[in-house]
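These notes are about the structure you will find just below.
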2 protein chains.
Amino acid sequence: MHDDPHEVLPAASDDRSPDLRAEAFQGVRAARRNELAEDYVELIAELIHSHGEARPVDIATRMGVTAPTVAKTLDRLARDGLITRAKYRSIFLTEQGRALAKECRHRHEIVLRFLLSLGLDAETAERDAEGIEHHVSERTLELFAAFVSRN
Amino acid sequence: MHDDPHEVLPAASDDRSPDLRAEAFQGVRAARRNELAEDYVELIAELIHSHGEARPVDIATRMGVTAPTVAKTLDRLARDGLITRAKYRSIFLTEQGRALAKECRHRHEIVLRFLLSLGLDAETAERDAEGIEHHVSERTLELFAAFVSRN
DNA sequence: GCGAAATGTTAGACAAGGCTAACAATCTGC
DNA sequence: GCAGATTGTTAGCCTTGTCTAACATTTCGC
């Protein structure tokens, strides 16, 4: 039950701190709740930048979901003050939405560059970055950025 | 709308491949659906290892959720063939559950060590690893492992 | 400028994952 | 060996995020 020869790490896993652990999981759950909003806002900013506007149909295509899913999600984003929208019109980011988009893009780029610096191929890097970016703390992001700079 | 001086990367963001992008997001969503199961199975394995058994109350404490939430989740895990359980008894992993737990522990350790090698403090590393481990591809994991070895 | 195609919305279903309140079973200390 | 504490379960509610089917609006081609 102990002294496992494979046990190399101090194992934060350990009994040492169930509470710290609970906090960690709560943090992860909080991050998970924001992931979708972040993905949407980031994508919307991008579409506006590259196409001049963000239409639900383009969001649906790029997110790989159906139009009604997009509609419902956009309603939530509007409710949460990240976007504004009018029926049958394209979408705009609020000030808050723009700030979030900027932050997300920043994180995304650093994570992506970091993975590329590490030697990962572009496609996998893009995929992994999409998943990882929401779970990287400020400190870690700094370390990633530093690594990119010196490589 | 173009030739943004800040546009340093080839921008997989770009219009170049909405479909590839959609696939990436679908992959992320798939990973998200497994995250919780992985967290539970990993924790259950750990509890069995360190305490001899896995009880719902300990899972609840460490995951930072309430007992009924744990109960419902355990039912799903049982339905999916990852654990077996009997009323008012502690939990066991199936063969499949054990395999998944092992794989998760492996990923977790590599990600954790990687973050530590990069210079991150233990607590943040643990927190970030918890979130990141589910979104790291096989290739990336190999690169992480290689980095750890040579540092 | 009209009709077909494309796009957007609404309604309604469903599963996951969280909660509280209430109850049931087990365990523990005398 | 029983009473109270601890642990586990059930019921029921809520939100999120996905879908399909049906309908509404806008846009585009000619």
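The sequence lines fix the lettering, A, B, ..., with proteins before strands; numbering per chain opens at 1. In this text, all values refer to a predicted model and were calculated from it rather than measured experimentally.
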Just to confirm, is there a sub-4.0 Å distance from OP1 or OP2 of [N] to any side-chain nitrogen or oxygen of [X]?
{"X": "B:Arg79", "N": "C:dA16", "answer": "yes"}
{"X": "B:Arg85", "N": "D:dT9", "answer": "yes"}
{"X": "B:Arg55", "N": "D:dT7", "answer": "yes"}
{"X": "B:Arg76", "N": "C:dA16", "answer": "no"}

Of the options [options], whose atoms approach the side-chain atoms of [X] most closely?
{"X": "B:Tyr88", "options": "D:dT26, C:dA25, D:dT7", "answer": "C:dA25"}
{"X": "B:Val57", "options": "C:dT20, C:dT9, D:dG8", "answer": "D:dG8"}
{"X": "A:Thr69", "options": "D:dC19, D:dT26, D:dT16", "answer": "D:dC19"}

In whole angstrom, what separates [X]'s [atom1] from [N]'s [atom2]?
{"X": "B:Asn34", "N": "C:dA15", "atom1": "CG", "atom2": "P", "answer": "18 Å"}
{"X": "A:Leu74", "N": "D:dT16", "atom1": "CG", "atom2": "P", "answer": "14 Å"}
{"X": "B:Phe25", "N": "D:dT18", "atom1": "CZ", "atom2": "P", "answer": "11 Å"}
{"X": "A:Ile59", "N": "C:dT9", "atom1": "CD1", "atom2": "C1'", "answer": "14 Å"}
{"X": "A:Met63", "N": "D:dT16", "atom1": "CE", "atom2": "P", "answer": "16 Å"}
{"X": "B:Arg29", "N": "C:dA15", "atom1": "CZ", "atom2": "C1'", "answer": "15 Å"}
{"X": "A:Asp39", "N": "D:dT18", "atom1": "CG", "atom2": "C1'", "answer": "15 Å"}
{"X": "B:Asp80", "N": "C:dA15", "atom1": "CG", "atom2": "P", "answer": "13 Å"}

task = Return yes if the base of D:dT16 and the side-chain atoms of A:Lys72 contain a donor-acceptor N/O pair under 3.5 Å, otherwise no.
result =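 Checked by distance alone, the answer is no.
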Presence of donor-acceptor pair under 3.5 Å, side chain of B:Lys87 and base of D:dG8 =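 Answer no: no donor N or O sits under 3.5 Å from an acceptor.
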ask   = After noting the C-alpha distance and the side-chain angles of B:Asn151 and B:Ser117, does the key distance pass the side chain to side chain donor-acceptor pair (under 3.5 Å) rule?
value = CA-CA 7 Å; B:Asn151 278 273; B:Ser117 299; over 6 Å; no
ask   = Do the charged groups of B:Arg55 and B:Asp58 touch, with an N to O distance under 4.0 Å?
value =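 Looking at B:Asp58 together with B:Arg55, the answer is yes, because their closest N to O distance falls below 4.0 Å.
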request  = Decide if the gap between the ring center of B:Tyr40 and the ring center of A:Phe25 is smaller than 6.0 angstrom.
outcome  =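 No: the rings miss the under 6.0 Å criterion.
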message = Let me spell it out: for each of A:Asp58 and B:Arg89, pick the nucleotide of DNA chain C with the closest heavy atom. Which residue's pick is nearer the 5' end?
response =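 Its nucleotide being nearer the 5' end, the pick is A:Asp58.
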query = Would a distance-only check, ignoring hydrogens and angles, find a side-chain to backbone donor-acceptor pair under 3.5 Å from A:Arg107 to A:Val136?
reply =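 Yes; at least one donor-acceptor contact below 3.5 Å.
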N/O donor-acceptor pair under 3.5 Å between B:Thr69 side chain and B:Val65 backbone =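 The answer is no, because no donor-acceptor pair under 3.5 Å joins these two groups.
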